[in-house]
Asker: 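Sharing a structure here in structure tokens format.
These values consider heavy atoms only, across backbone and side chains, with no hydrogens, waters or symmetry-generated copies. Here is the naming used below: chain letters follow the sequence lines, and residue numbers restart at 1 for every chain.
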Amino acid sequence: MANFFDRVYQVVARIPRGRVASYGQIAEMLGHPRGARTVGWALHELPQGSRVPWHRVINAAGRISIPEVEEAHEQRIRLEQEGVVFDERGYIDMRRYQWRPPLPRPAEGRRISTPARRASRASR
DNA sequence: GGGGTGACTTTAT
DNA sequence: CATAAAGCCACCC
């Protein structure tokens, strides 16, 4: 079975251009709600030139969380190239850019009943 | 297998 | 908002 680091890379690889996720969010998706620091460590360990979009992961406050100045700058540049806007204090608007992965398809046979669906059925 | 190590998060001030 | 402190946890000797 893939170790935690590899699973982190798999999830991060799914973040689309122009969206971001927090370390805690990634950890939560992997079933480790308190494993945020480990996610950060996993990304820290990525080899240079990796295809994993590590720059799309930031902290829960909406800021870049890399201590090394040069790498942090590269992360900001990459995000800005994807259209992500930083405010004057270096914050990203998470409500606007946070990645919300599609929910897994409901099990076969189960149908979700919504008001719109009911209305559509009634008018037919 | 115990302990050190963080690209974190939450809470309190 | 900006710290600070405490809790956290997979990995690597």
Side-chain angles (χ1 to χ4, degrees):
Chain A
M1 185 166 157
N3 64 26
F4 188 74
F5 280 21
D6 289 331
R7 295 171 63 213
V8 168
Y9 304 146
Q10 287 168 18
V11 172
V12 172
R14 293 174 46 206
I15 307 175
R17 279 179 60 89
R19 310 305 299 278
V20 299
S22 75
Y23 299 93
Q25 181 186 346
I26 302 294
E28 219 169 284
M29 289 177 188
L30 293 175
H32 291 242
R34 288 170 294 286
R37 301 191 73 168
T38 309
V39 171
W41 194 24
L43 295 182
H44 177 71
E45 294 296 306
L46 272 176
Q48 280 240 337
S50 166
R51 191 164 93 295
V52 177
W54 55 270
H55 59 284
R56 299 187 187 135
V57 185
I58 62 181
N59 65 32
R63 296 185 105 171
I64 284 177
S65 196
I66 301 181
E68 293 85 24
V69 179
E70 247 170 78
E71 300 262 340
H73 187 63
E74 183 187 351
Q75 178 168 23
R76 174 164 177 157
I77 296 300
R78 286 201 190 198
L79 286 174
E80 287 179 334
Q81 284 175 348
E82 299 185 351
V84 175
V85 176
F86 290 74
D87 70 17
E88 65 284 351
R89 287 183 181 142
Y91 281 85
I92 286 174
D93 183 352
M94 289 301 274
R95 293 189 300 181
R96 184 170 165 194
Y97 298 111
Q98 185 166 46
W99 173 51
R100 294 195 175 69
L103 296 173
R105 185 166 53 83
E108 208 55 43
R110 288 180 58 193
R111 289 294 127 95
I112 301 173
S113 183
T114 66
R117 192 185 295 273
R118 280 193 297 275
S120 157
R121 192 166 46 229
S123 70
R124 184 170 315 168

Asker: Could you check how far OH of A/Tyr23 sits from C1' of B/dT10, rounded to whole Å?
Answerer: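 Result: 17 Å.
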Asker: Donor-acceptor pair, A/Gln75 side chain versus A/Val57 backbone, under 3.5 Å?
Answerer: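 A pair under 3.5 Å: yes.
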Asker: Would you say A/Arg63 reaches C/dC1's phosphate, i.e. side-chain N/O to OP1/OP2 under 4.0 Å?
Answerer: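 Checking A/Arg63 against C/dC1: no side-chain N or O falls below 4.0 Å of OP1 or OP2.
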Asker: Over 60° means perpendicular and under 30° means parallel, so classify the ring planes of A/Phe5 and A/Trp41, tilted if in between.
Answerer: perpendicular
Asker: Measure CD/A/Glu74 against P/B/dA7 and give the value in whole Å, please.
Answerer: 16 Å
Asker: What nucleotide among B/dT9, C/dG7, B/dA7 has an atom nearest to a side-chain atom of A/Arg37?
Answerer: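 Of all the options, the side chain of A/Arg37 is nearest to C/dG7.
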Asker: Among the candidates B/dT9, C/dA2, B/dA7, find the nucleotide nearest to the side-chain atoms of A/Tyr91.
Answerer: C/dA2
Asker: Quick one: closest heavy-atom pair of A/Ala13 and A/Pro53, and the distance?
Answerer: CA-CD, 3.8 Å
Asker: Under 3.5 Å, sequence neighbours excluded: what are the donor-acceptor pairs made by side chains of residues 78-85 of chain A?
Answerer:
{"residue": "A/Arg78", "atom": "NE", "partner": "A/Glu74", "partner atom": "OE2", "Å": "3.1"}
{"residue": "A/Arg78", "atom": "NH2", "partner": "A/Glu74", "partner atom": "OE2", "Å": "3.0"}
{"residue": "A/Glu80", "atom": "OE2", "partner": "A/Arg76", "partner atom": "NE", "Å": "3.0"}
{"residue": "A/Glu80", "atom": "OE2", "partner": "A/Arg76", "partner atom": "NH2", "Å": "3.4"}
{"residue": "A/Glu82", "atom": "OE1", "partner": "A/Gly18", "partner atom": "N", "Å": "2.9"}
{"residue": "A/Glu82", "atom": "OE1", "partner": "A/Arg56", "partner atom": "NE", "Å": "3.0"}
{"residue": "A/Glu82", "atom": "OE2", "partner": "A/His55", "partner atom": "NE2", "Å": "3.0"}
{"residue": "A/Glu82", "atom": "OE2", "partner": "A/Arg56", "partner atom": "NE", "Å": "3.2"}
{"residue": "A/Glu82", "atom": "OE2", "partner": "A/Arg56", "partner atom": "NH2", "Å": "2.8"}

Asker: Could you state the NE2-P distance from A/His44 to B/dA7, rounded to the nearest angstrom?
Answerer: 5 Å
Asker: Side chain of A/Arg89: nearest nucleotide among B/dA7, C/dC1, B/dG6?
Answerer: C/dC1
Asker: Please determine whether a side-chain nitrogen or oxygen atom of A/Arg34 lies at a distance below 4.0 Å from atom OP1 or OP2 of C/dC9.
Answerer: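 For C/dC9, OP1 or OP2 has a side-chain N or O of A/Arg34 closer than 4.0 Å.
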Asker: To the nearest 0.5 Å, what is the distance between CG on A/Leu43 and OH on A/Tyr23?
Answerer: 6.0 Å
Asker: If you measure from the C1' atom in C/dC13 to the same atom in B/dA7, how many Å do you get, rounded?
Answerer: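 Looking at atom C1' only, C/dC13 and B/dA7 are 22 Å apart.
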Asker: Between protein and nucleic acid, restricted to nucleotides 10-12 of chain C and to nitrogen or oxygen atoms under 3.5 Å apart, what atom pairs and distances do you find?
Answerer:
{"residue": "C/dA10", "atom": "OP1", "partner": "A/His32", "partner atom": "ND1", "Å": "2.7"}
{"residue": "C/dC11", "atom": "OP1", "partner": "A/Phe4", "partner atom": "N", "Å": "3.0"}

Asker: Give the rounded distance in Å between these two atoms: NE2 of A/His73 and C1' of B/dA7.
Answerer: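 The answer, rounded to whole Å, is 17 Å.
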Asker: Can you give me the closest heavy-atom contact between A/Gln25 and A/Pro101, atom names plus distance?
Answerer: NE2-CD, 4.2 Å
